[in-house]
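Below: the structure, in structure tokens.
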Number of protein chains: 2
Amino acid sequence: MVTARDVAERAGTSTAVVSYVFNNGPRPVAPKTRQRVLDAAAELQYRPNALARALSAGRTFSIGIVVPHIRNPYFAALAEQLEAGTRARNHLLLIGDSGGDSAQEQSHLTSFIERQVDGIVLVSVRSQPELVGLDTAGIPVVALHRMPGGSRASSLAIDSVAAAATAAGHLVSHGYRSIGVLTGPIDSPGTEEHLIGVAEATRGQRVKVEHRTSEISRYHATEVTSSWLANERPRAIYCATDEQAFGVLFAAWRAGLSVPDDLAVLGGDGTAECAVTIPPLSAIQRPVPQLATRSIELLLDASPGDGPVTITLPHELVRRESCGCI
Amino acid sequence: MVTARDVAERAGTSTAVVSYVFNNGPRPVAPKTRQRVLDAAAELQYRPNALARALSAGRTFSIGIVVPHIRNPYFAALAEQLEAGTRARNHLLLIGDSGGDSAQEQSHLTSFIERQVDGIVLVSVRSQPELVGLDTAGIPVVALHRMPGGSRASSLAIDSVAAAATAAGHLVSHGYRSIGVLTGPIDSPGTEEHLIGVAEATRGQRVKVEHRTSEISRYHATEVTSSWLANERPRAIYCATDEQAFGVLFAAWRAGLSVPDDLAVLGGDGTAECAVTIPPLSAIQRPVPQLATRSIELLLDASPGDGPVTITLPHELVRRESCGCI
DNA sequence: TTGTATGCGTTATCAT
DNA sequence: ATGATAACGCATACAA
């Protein structure tokens, strides 16, 4: 490995000057000296050691994100946006996949603490994440869903109750009188909100609501839906996530049902993939770009003093063919 | 931050002993002392600083992967497997998304060098990646596609020529006499091999072969395919990647064409998603688990001395409905 | 078995 | 403007 010392020797100067050159400060360097350093560095292919730099400077220029499943298009989109955003600010994004498992989630968080990330974006599998160690480590956290009161983490999310109400309301306005709701496991973040929202929108509407859960996987959603459709099936299904909606679409096709004529379907994330499903999927759209941008701002621009904040972002209903709109 | 020194003080011992305890060596520690250290560490919620550890030990326990597009299910699957594999070996996986851009790819590689990763898995956007700096940094690299001769990187891949031949041969065996081939950009890794393989399999078969390219994106593939289908369309299309095949499926549906009756489709990755597309997608299947496992072995278990290796893994044709098999 | 002291590569303070 | 040097937190060779 070639170090600042090697560069200094070759340039006939000291390591301090090498550091000044590569950081544009904090001390000025004579143009001639600077050039000698740059030349020496180029010839030696010198790359500053980010570890040493971080150890000395006290920040790593990295942030971490933990998601339940990186193959879920919504989380992949989130990771993609976050990566772009962090890169634009010269930071590295560390991605942790919890596989929907609480212990693995904690293990990633611990790993991030050990690696001294400057901040963490969290999509927890638990509705009441523990966040053990994060506060004592002094690492800021922003969760992309509601957090229980008194939490040390900031929260940046859409209003899931309102979103579910929007979705259910839209299905009702299509005239569908029996609505199915497919969410993730009972204790996963958002499930309760979705149910409340749907209840609100259908109250006094003479609409039958039925609730099912599946893992947040298109494959498991397909399984669950297949048996659902085989019996007394709803006229429309609102899925808490796109991933599950994809599974519903497939199950409907397998069952020989036409979407939206026999069964209307609504997704809950509004990922880009919705535009090319068969048929294109109407969905509640989460503002991924804002989610990413604001997460980064919250993490990187927060003053040490200020506590956790709770921010609600607007959602949108994107109408495509699966609900019967087009 | 709580350091080893804090733990040592509280346990009434030295930092050396704290280190011995946390690393199970290299010196033994008396059970009683050990327990005191463990207790102190627990009470203080001590987490060893991975940066300092890495700086001192000379390895970071991390490996990096650079892929063109993390939202592509094949790369997402790769990342997922790799992450599981590295975690099993107590390493962290750093994921870099090049966005299909050569400069961004290099920028990620540089970032990985600076962060002193122990190894790099590369899926390059270029058929002749430059890998500047990697060799001088002494970081082992394994590419998941063929590399030009004389490269410093190992190569771990299926035989794309044979895979394409398998695919084209299968379509021919279905009796399709006009076959379309949709690959990524001309200079992307594998494109040439695919064309050669298809040519081999169709030689002297009185089969018409037509080649188109698109970005490796389902959306762009949809665009390209739509105009393709509008004119003199092929009876079957073999796509170099699943991502593109998904776009073809959608374009066919949009055009009112039935798959496989009007148009047969074959994918090139064999991701899990193929099982739930409409209709399910037949595809060449890449051995993602082996790709991941062996990459990790190559990077982590290589003796300093041994040079780059070239390994060919077997592929498989998975028959589903899109080609007409079921 | 345990403590002391040095080095890892960088930054930044204090001299010069 | 630049050089010497002390941290940063941990691992380990060397002492005891």
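Note on naming: letters A, B, ... go to the chains in the order of the sequence lines (proteins, then strands), and numbering restarts at 1 for each one.
Contacts between residues 14-22 of chain B and DNA chain D, defined by a heavy-atom separation below 4.0 Å, involve Ala16(B), Ser19(B), Tyr20(B), listed by number. Near DNA chain C, defined here as any heavy-atom distance below 4.0 Å, the residues from residues 51-58 of chain A are Ala52(A), Arg53(A), Ser56(A), listed numerically.
For Gln104(A), the side chain to side chain donor-acceptor pair (under 3.5 Å) partners two or more places apart in sequence, or in a different chain, are Arg87(B). Shown here are the side chain to side chain contact (heavy atoms under 4.5 Å, CB included) partners of Arg47(B), two or more places apart in sequence or in another chain: Thr110(A), Ile113(A), Glu114(A). Judged as a side chain to side chain donor-acceptor pair (under 3.5 Å), and not counting sequence neighbours, the contacts of Arg53(B) are Asn23(B). A search for side chain to side chain contact (heavy atoms under 4.5 Å, CB included) contacts involving Gln128(A) returns Pro148(A), not counting sequence neighbours.
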Please tabulate, one pair per line, all N/O donor-acceptor pairs under 3.5 Å involving side-chain atoms of residues 129-136 of chain A, not counting sequence neighbours.
residue   : atom : partner   : partner atom : Å
Thr136(A) : OG1  : Gly133(A) : O            : 3.1
Thr136(A) : OG1  : Gln45(B)  : OE1          : 3.4

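Note that the first and last nucleotides of DNA chain D, 5' to 3', having any atom under 4.0 angstrom from a heavy atom of chain B are dG9(D) to dA13(D). Protein chain A touches strand DNA chain C; the 5'-most and 3'-most nucleotides with an atom under 4.0 angstrom of its non-hydrogen atoms are dG9(C) to dT13(C).
Residue pairs satisfying the side-chain hydrogen bond (donor to acceptor under 3.5 Å, both in side chains) criterion with at least one member in residues 139-157 of chain B, sequence neighbours excluded, are listed as follows: Arg146(B)-Thr312(B). Screening residues 43-90 of chain A for ring pair (Phe, Tyr, Trp, His ring centres under 6.0 Å), with sequence neighbours left out, gives Phe22(A)-Tyr46(A), Phe61(A)-His91(A).
For the helix from dT1(C)-dA16(D) to dT16(C)-dA1(D), the angle separating the two terminal helix axes comes to 50°, with each axis derived from five pairs and the value rounded to 10°.
Put simply, the side chain of Asp118(A) does not reach to within 4.5 Å of the side chain of Leu299(A), judged on heavy atoms.
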